[in-house]
Amino acid sequence: MRHFLRLFTVICLLSSASAAEPADLDQGLTYLRINSLVKSAEILTTALNRTTPLVLDLRYTADEPAAADILRALNSHAAKPRLYVLVSPATPVPVVGVIASRPVRWLVTLGVTGSLPEPQVVVQQSAEADRIAYNALETGTPLTQLVSGKIDKERFDEASLVQEFKNGNLNAHPPALSQAEGPKPGPAKPAVSPAAPTDRVLQRAVHLHRALQALKHG
């Protein structure tokens with residue numbers, strides 16, 4: 001009996017540690033990070049059945065034999081609110097295959113260069129920086145802080161994205177600063193602690209959602 005209770009406790013702890021709950025990103029957008037598709041199958045199904053847009057983060061999900069079968073739920077549902085799927089160069093091949101096999105209009109993929117399947121929206125961030133930003137949430141950095149960092153050119157905000165989307169460009173991103181408009185040299189500043197990383201891929205999904213919302217209501 002004592003052995004059974006100990007085993008039951010371990011199973012409960014593993015389940016609670018591996019199944020992430022959806023988080024609110026404001027304006028009707030939900031974020032769900034999947035570390036294990038096998039252990040999060042029930043949560044994923046519930047999230048997909050909701051009537052609100054969802055950011056599904058599969059950038060660093062585990063490579064599990066049954067993962068592809070579970071993810072096929074993405075393609076078995078009828079048309080629904082938009083789904084933003086985050087991928088990376090580390091997304092497992094079977095998972096990539098499911099995402100790429102039956103693309104649907106309400107699904108948008110986002111990721112850094114080198115991500116598979118090739119994202120519809122490519123974000124200018126290195127794979128290393130992407131992983132650092134991803135890990136920051138696990139070590140206590142608030143989700144809102146990870147998506148609130150400045151973009152490359154401050155004027156290129158949701159309003160600019162709206163205009164780009166009207167022109168049919170879903171992969172819009174801030175233009176690189178020219179040498180003339182680059183930062184001006186100034187007096188040396190005292191050393192400060194490193195800024196918290198910005199999750200550019202997740203941030204782009206949030207901006208994309210807000211821009212599409214503005215188009216819908218504009």
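Quantities reported herein were computed from a predicted structural model and do not represent experimental measurements.
Between Leu110 and Val85, every side-chain heavy-atom pair lies at or beyond the 4.5 Å cut-off. Within the 4.5 Å cutoff, the side chain of Leu83 has heavy atoms near those of the Leu48 side chain. Using a 4.5 Å heavy-atom threshold, the side chains of Ile99 and Leu58 count as touching. Side-chain atoms of Thr61 and Asn35, non-hydrogen and from C-beta on, never get closer than 4.5 Å to each other.
Atom OG1 of residue Thr46 and atom CD of residue Glu21 lie 9.0 Å apart, to the nearest 0.5 angstrom. Distance check, rounded to the nearest 0.5 Å: CZ of Arg50 to CG of Leu32 gives 8.5 Å.
Every residue two or more places apart in sequence or in another chain was checked for a side-chain hydrogen bond (donor to acceptor under 3.5 Å, both in side chains) with Asp24, and none qualifies. In this structure Glu64 satisfies the side-chain hydrogen bond (donor to acceptor under 3.5 Å, both in side chains) test together with Ser36, sequence neighbours excluded.
The minimum heavy-atom distance between Pro22 and Thr30, with the atom names listed, is CB-CG2, 3.4 Å. Of all heavy-atom pairs between Pro89 and Thr113, the closest is CG-O, 4.2 Å. The two residues Ala129 and Ser126 come nearest to each other via the heavy atoms N-OG, 3.0 Å. Nearest approach of Gly28 to Thr52, heavy atoms of both residues: O-CB, 3.5 Å. Heavy atoms only, all atoms of each residue included: Leu202 and Val55 are closest at CD1-CG1, 3.8 Å. When all heavy atoms of Gln120 and Val108 are compared, the pair lying nearest together is OE1-CA, 3.1 Å.
The backbone N or O of Gln27 sits less than 3.5 Å from a side-chain atom of His209, completing a donor-acceptor pair. The main-chain N or O of Thr198 is found under 3.5 Å from a side-chain atom of Gln125 such that the two form a donor-acceptor pair. Distance alone, capped at 3.5 Å, is enough to place a donor-acceptor pair between the Ser115 side chain and the Val112 backbone.
Under the 4.5 Å side-chain contact rule for hydrophobic residues, Val38 and Leu56 share a cluster. Placement of Leu116 and Val98 in two distinct hydrophobic clusters is found when ILVMFWY residues are connected by side-chain heavy-atom separations under 4.5 Å, directly or transitively.
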Carefully, step by step, assess Val95 and Asp63 under the rule side-chain contact (heavy atoms from CB on, under 4.5 Å). CA-CA 8 Å; Val95 172; Asp63 190 356; over 6 Å; no
Using the side-chain contact (heavy atoms from CB on, under 4.5 Å) rule, take Leu29 and Tyr84 through it: C-alpha gap first, then chi angles, then the decisive distance, then the call. CA-CA 10 Å; Leu29 186 64; Tyr84 306 93; 3.9 Å; yes
Would Val121 and Thr109 count as a side-chain contact (heavy atoms from CB on, under 4.5 Å) if you check the C-alpha gap in whole Å, the side-chain angles of each, and the deciding distance to 0.1 Å? CA-CA 6 Å; Val121 179; Thr109 53; over 6 Å; no
Stepwise, does the side-chain contact (heavy atoms from CB on, under 4.5 Å) test hold for Ile34 with Asp57? CA-CA 6 Å; Ile34 300 290; Asp57 196 338; over 6 Å; no
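The salt bridge (Lys or Arg N to Asp or Glu O under 4.0 Å) pairs that include a residue from residues 111-134 are Arg59-Asp130, where partners are two or more places apart or lie in different chains. For residues 107-143, the set of pairs meeting the ring-ring contact (aromatic ring centres under 6.0 Å, His included) definition, not counting sequence neighbours, comprises Tyr60-Tyr134. Residue pairs that meet the ring-ring contact (aromatic ring centres under 6.0 Å, His included) test with at least one member in residues 26-59, sequence neighbours left out, do not exist here.
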Pair up each side-chain donor or acceptor in residues 136-146 with any protein partner under 3.5 Å, not counting sequence neighbours, and list the distances.
residue: Glu138; atom: OE2; partner: Arg33; partner atom: NH1; Å: 3.0
residue: Thr139; atom: OG1; partner: Ala136; partner atom: O; Å: 3.0
residue: Thr141; atom: OG1; partner: Ala136; partner atom: O; Å: 3.3

